[in-house]
Structure formats: structure tokens, C-alpha cells
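Taking it in order: structure first as C-alpha cells, then the write-up.
No hydrogens, no waters, no symmetry mates; every other heavy atom, side chains included, goes into these values.
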Amino acid sequence: MTAQQLVPDRRPEDWSAAEVRIALSTARHTAGRHGRRIGLQDADQEDLAQDILLQLIDRSHWYDRGRGAWSTFARIVAVNVVTGHRPARVEEVELGDADAEAPDPKPDLALDLGDFHRMLPDDLARLVELVAQHGSLADARRESGLSTSSFYRAVHEIRLRLRCHGLRPRGKDRRPRR
């Protein structure tokens, strides 16, 4: 079965008890984790978990047991919902701009970056400071002392957190919005 083929009769009533448990736990875990990152209230986290469950129901006909586990499918759908769940105002920033001390002509953006920087764990905040200091990811990686895979995994985490905070990381593969 190709990625474009649907399984038309796959409804939640047809899910096994294990699939239901996985869907519920994935939705709760992902919504809770995302909610804690950006400071959502409990009710908003529950709403996000429900959004994730609705998307799982809507997209379940795309699930193909031959291509992967249900838990993997549920996690991918949940992450897609969460990364699409952003505050209304989205600003594009360079990763090195996330340094709260950098001067910025947009005061609102500077405040958002300062809040974002304070929310980061110490290890990720240190990497943001290294990128701001060196201006390139390659130089920052060398200075950090981390392995290449660990460094870029952390950069990916920072970019996800930027998106969750309502800031859009700008990169080589991303065209500026008009």
C-alpha cells in the first residue's frame, strides 16, 4: 500500500483496546509536554489533547500496519498537531537572535525572546548563547564540545521550542514570508 492509499473503513470503533490506550496516552503526554513548555493552563492542555485525538481519528484511515507501529503513527500525528498549534502572532528569528541581550529594533520581539531564553533549560540556553556569540552553527558546535548529533538534536529542540513560543526559526530551507 502506498502512502496515498486510504483504508476507508478504519473507524475508532474498530481500534483495539491497545490502540485506544496508545492514542489517549500519546495525546495526553504530548499536550502536557507542549503545554508545560509554553505555559498553557490545564484546560488548554486538555483542549490540545482533544485536538490531537480528533486528528488521530481523522487521519487513522492513513495508518498502515505494514509501514510502522500504531504508536509511531500516533506520535507523528500528535507532533504535527502541536507544531501547528501556535499563538496567533508569529515572528521569524535567527537562532542566534534568541540571545535575550541582543539589541533589537522590535521591542515586542525582544521581550518575547527574553521570555523564551528564560524558559530554556541551562544546557539549551548555553547553546543559544554560543550560536549568538559565534554566528554560525558549525563554530558553536565546535565550541560546545558536544558530538555533532547531540548538538544538532539540541538545535532541533530549540527550534521546536521557538515554534511553540510563537516564534518561527529562520533557516536555509525556509523562504521568508511575504
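With salt bridges taken as basic N to acidic carboxylate O contacts below 4.0 Å, none links Arg126 and Asp123.
Summarising the geometry, atom CG belonging to Leu24 is positioned 14.5 Å from atom NE2 belonging to His29; distances are rounded to the nearest 0.5 Å. The OG atom of Ser136 sits 11.0 Å away from the CD atom of Glu143 when rounded to the nearest 0.5 Å. We find the CZ-CG distance between Arg28 and Leu53 to be 8.0 Å, quoted to the nearest 0.5 Å. Interatomic distance, Asn80 CG to Leu56 CG, rounded to the nearest 0.5 Å: 10.5 Å. Interatomic distance, CZ of Arg159 versus OH of Tyr152, reported as 8.5 Å (0.5 Å rounding). Within the model, atoms CG of Leu137 and CG of Leu127 stand 10.0 Å from one another, a figure rounded to the nearest 0.5 Å.
Within a 6.0 Å radius of CG in Asp122, other residues, nucleotides and ligands contribute 12 heavy atoms or fewer.
For Gly32 against Gln45, the heavy-atom pair with the smallest separation is CA-OE1, 3.5 Å. Of all the heavy atoms in Ala27 and Ala49, the pair that sits closest is CB-O, 3.6 Å. Closest approach of Ala23 to Trp70, counting heavy atoms only: N-NE1, 4.1 Å.
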Discussion item. Let's go through Val81 and Leu48 carefully: what are the C-alpha distance in whole Å and the side-chain angles of both, what is the deciding distance for side chain to side chain contact (heavy atoms under 4.5 Å, CB included) to 0.1 Å, and is it a yes or a no?
Written reply: CA-CA 8 Å; Val81 171; Leu48 182 57; 4.2 Å; yes
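The backbone N or O of Ile52 lies less than 3.5 Å from no partner atom in the side chain of Gln55, so there is not a single donor-acceptor pair. In this structure, Arg141 contributes its side chain and Leu146 its backbone to a donor-acceptor pair below 3.5 Å. Checked by atom type and distance alone, the side chain of Thr26 pairs as donor or acceptor with a backbone atom of Ile22 at under 3.5 Å. Without hydrogens or angle criteria, Tyr63 side chain to Phe73 main chain gives no donor-acceptor distance under 3.5 Å.
Side chains of Asp139 and Arg142 form a contact here, defined as non-hydrogen atoms less than 4.5 Å apart.
Criterion: ILVMFWY side-chain heavy atoms under 4.5 Å apart, direct or through other members. Under it, Val20 and Trp62 are part of a common hydrophobic cluster.
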